[in-house]
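Below are the structure tokens for one structure; questions will follow.
All heavy atoms count here, side chains included; hydrogens, waters and symmetry mates do not.
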Amino acid sequence: MFQKRIFSGVQPSGNLTLGNYLGALRNFAKLQNDFECIFCMVDLHAITVWQDPKEMARQTLEVAAGMIASGIDPTRNILFNQSRNPDHAQLAWIFNCVARVGWLNRMTQFKEKAGKDRENASVGLYVYPNLMAADILVYKATHVPVGDDQKQHLELTRDIAQKFNNDYAAELFPITEPLIFGAATRVMSLRDGTKKMSKSDPSDQSRINMNDGPDAIADKIRRARTDPHPMPDNVAGLEDRPEAANLIGIYAALSDRTREEIVTEFAGAQFSAFKTKLTDLAVSVLGPIGSSMQRLMADPAELDRILDRGAVKARELSAPVLDEVYRTVGFLKS
Ligand code: AQP
């Protein structure tokens, strides 16, 4: 009854990382052949933590450039920045009134991001999952590609859809399904193998940016934390060696091979030799993407036009849904 449709968002909260590429963008590019796709730079989400206003526009365009450089075709898909379509925020308010405080209290990402200074976190960070539900449901998206970290938020989206449909006795929203890609790739920080590689990590050495040049990539991999042991000869030998496991995982993902194959190839090798090979591989994959991002970023006005056109198309889909929601809730509408 609902048309197959994908929504996915990326926060313009800093430099896109290798984690964003391997965990999200390269998979998004594969989806465009089978689904109607909506890709969004979720700037409303980004400001749930402080963002420098002078950087926001550039960061938003850079995420757009990263998506296009990763193979997402803006003429076949909808690509836009969230704040350009006010329907997201309007539906989010209604969802603030549908979701229960107890549901949000269980969200682990809020706890992680708010940390010990919970009282000082923005209210936006707390209700972030309601906005995410609105992003998805304002298009009646049936599928969302999710990494491990977003599974709980998608569950909440499903709960909100279900409760809305029940409360208003309407089959208005689909119960959105997660789309999981093969072996989940979770890229960890180069400085600490137990922490996710993140755009907002204060240390640039902790991540490989999608637009890092060969020298920066080589330098970061050379200085990536390791342990004193040589490479193991089987995957079980990676247990309790998070940094080694991370570098091998990155090598496997970049070369589209399994971790078992990589471990077998480098069994007994020193990290220095492995790191040289990893650098060559990372440069060969990211080099063309970085150059393409640079070319796209040289014409910000054109990128801005792409996002503007995307927002118009997005609103054509969301406006009738919001209208239906308003009528269902009983709001007077002209
Ligand atoms: N390290 C990672 N490994 C695998 N996938 C990752 N993603 C992010 N980091 C990794 C995936 O990228 C998509 C977009 O993420 P996002 O920008 O919306 O937010 P995020 O997950 O919070 O990413 P960051 O880089 O950590 O941003 P900040 O630092 O601003 O919080 C998602 O599909 C995510 O799973």
Side-chain angles (χ1 to χ4, degrees), residues 1-11 28 31-32 34-45 47-48 74 76-104 107 123-124 126-146 150-179 307-334:
M1 139 187 193
F2 293 100
Q3 186 181 336
K4 261 189 173 182
R5 184 177 287 159
I6 289 212
F7 177 90
S8 194
V10 177
Q11 297 187 71
F28 293 176
L31 294 171
Q32 61 192 348
D34 303 316
F35 288 91
E36 179 184 8
C37 295
I38 302 165
F39 297 116
C40 188
M41 276 101 267
V42 288
D43 45 14
L44 297 177
H45 283 277
I47 63 159
T48 55
R76 285 165 64 202
N77 304 284
I78 296 180
L79 199 69
F80 72 110
N81 58 307
Q82 187 184 24
S83 59
R84 262 187 166 129
N85 181 358
D87 294 349
H88 293 234
Q90 292 189 47
L91 185 59
W93 178 259
I94 291 171
F95 287 171
N96 284 343
C97 304
V98 174
R100 307 287 94 182
V101 171
W103 299 358
L104 290 176
M107 296 295 117
V123 175
Y126 185 68
V127 293
Y128 180 117
N130 295 347
L131 177 59
M132 178 170 152
D135 298 336
I136 296 166
L137 295 174
V138 84
Y139 301 105
K140 298 191 178 185
T142 53
H143 294 79
V144 172
V146 281
Q150 290 298 330
K151 271 192 199 148
Q152 198 186 28
H153 287 168
L154 186 61
E155 270 307 315
L156 191 100
T157 299
R158 292 161 60 90
D159 290 343
I160 288 175
Q162 194 98 57
K163 182 161 166 40
F164 185 97
N165 288 351
N166 284 344
D167 288 354
Y168 293 100
E171 280 310 301
L172 206 153
F173 292 120
I175 309 302
T176 308
E177 298 285 340
L179 263 184
L307 298 187
D308 198 34
R309 282 197 292 270
V312 170
K313 287 197 262 173
R315 205 151 188 210
E316 278 166 14
L317 295 180
S318 64
V321 177
L322 193 66
D323 209 51
E324 201 182 350
V325 171
Y326 273 32
R327 275 187 279 110
T328 303
V329 170
F331 290 159
L332 285 175
K333 273 204 99 247
S334 42

Would you find a donor on one side and an acceptor on the other, under 3.5 Å apart, between the side chain of N81 and the backbone of M41? no
Evaluate the side-chain proximity of I38 to S8: yes if any heavy-atom separation is below 4.5 Å, no if none is. no
Applying salt bridge (charged side-chain N to carboxylate O under 4.0 Å, His left out), name anything that partners D323, two or more places apart in sequence or on another chain. R327, K333
The single option from I6, V10, N77 that satisfies side chain to side chain contact (heavy atoms under 4.5 Å, CB included) with F28 is V10
Under the rule for salt bridge (charged side-chain N to carboxylate O under 4.0 Å, His left out), what residues qualify as partners of K313, not counting sequence neighbours? none
Mind checking salt bridge (charged side-chain N to carboxylate O under 4.0 Å, His left out) for D159 and listing every partner two or more places apart, or none if nothing turns up? none
Flag side-chain contact, heavy atom, 4.5 Å: T157 against I160: no
Of all heavy-atom pairs between F331 and I94, which one has the smallest distance, and what is that distance? CE1-CD1, 4.0 Å
Just jot down the side chain to side chain donor-acceptor pair (under 3.5 Å) partners of Q152, sequence neighbours excluded, or say none. T108
Nearest heavy-atom pair of Y139 and A314: which atoms, and what distance? CE2-O, 3.2 Å
Set of residues satisfying side chain to side chain donor-acceptor pair (under 3.5 Å) with respect to R100, sequence neighbours excluded: none
Can you list everything that forms a ring-ring contact (aromatic ring centres under 6.0 Å, His included) with F80? Sequence neighbours excluded, please. H88
What pairs meet the salt bridge (Lys or Arg N to Asp or Glu O under 4.0 Å) rule with one or both residues in residues 77-90, with sequence neighbours excluded? R84-D304, R84-D308, D87-R315
With sequence neighbours left out, write down each residue that passes salt bridge (charged side-chain N to carboxylate O under 4.0 Å, His left out) with K163, or none if nothing qualifies. D167
Partners passing ring-ring contact (aromatic ring centres under 6.0 Å, His included) against Y128 (at least two apart in sequence or in another chain): H45, H153
Just by distance, do the side chain of E177 and the backbone of H143 share a donor-acceptor pair under 3.5 Å? no
Please check if the side chain of Q82 supplies one atom and the backbone of D43 the other of a donor-acceptor pair under 3.5 Å. yes
Rounded to the nearest 0.5 Å, what separation is found between the CZ atom of R76 and the CD atom of E36? 12.5 Å
Report yes or no: does T176 contribute a side-chain atom to a donor-acceptor pair with the main-chain N or O of A141 at less than 3.5 Å? yes
Residues P129 and L156: closest non-hydrogen pair is CB-CD2, 3.4 Å
Only counting residues at least two apart or in another chain, list the ones meeting side chain to side chain donor-acceptor pair (under 3.5 Å) with Q90. Y326
In short, I78 meets G310 closest at the heavy-atom pair CG2-O, 3.3 Å
Which pairs with one or both residues in residues 128-145 pass salt bridge (Lys or Arg N to Asp or Glu O under 4.0 Å), sequence neighbours excluded? K140-E324
Got a second to check how far L172's CG is from L137's CG, nearest 0.5 Å? 9.5 Å
Output yes when a side-chain donor or acceptor of N130 lies under 3.5 Å from a complementary backbone atom of A92, and no otherwise. no
What residues, two or more places apart in sequence or in another chain, satisfy ring-ring contact (aromatic ring centres under 6.0 Å, His included) together with F95? F173
Taking R5 for its side chain and C37 for its backbone only, find out whether a donor-acceptor pair lies under 3.5 Å. no
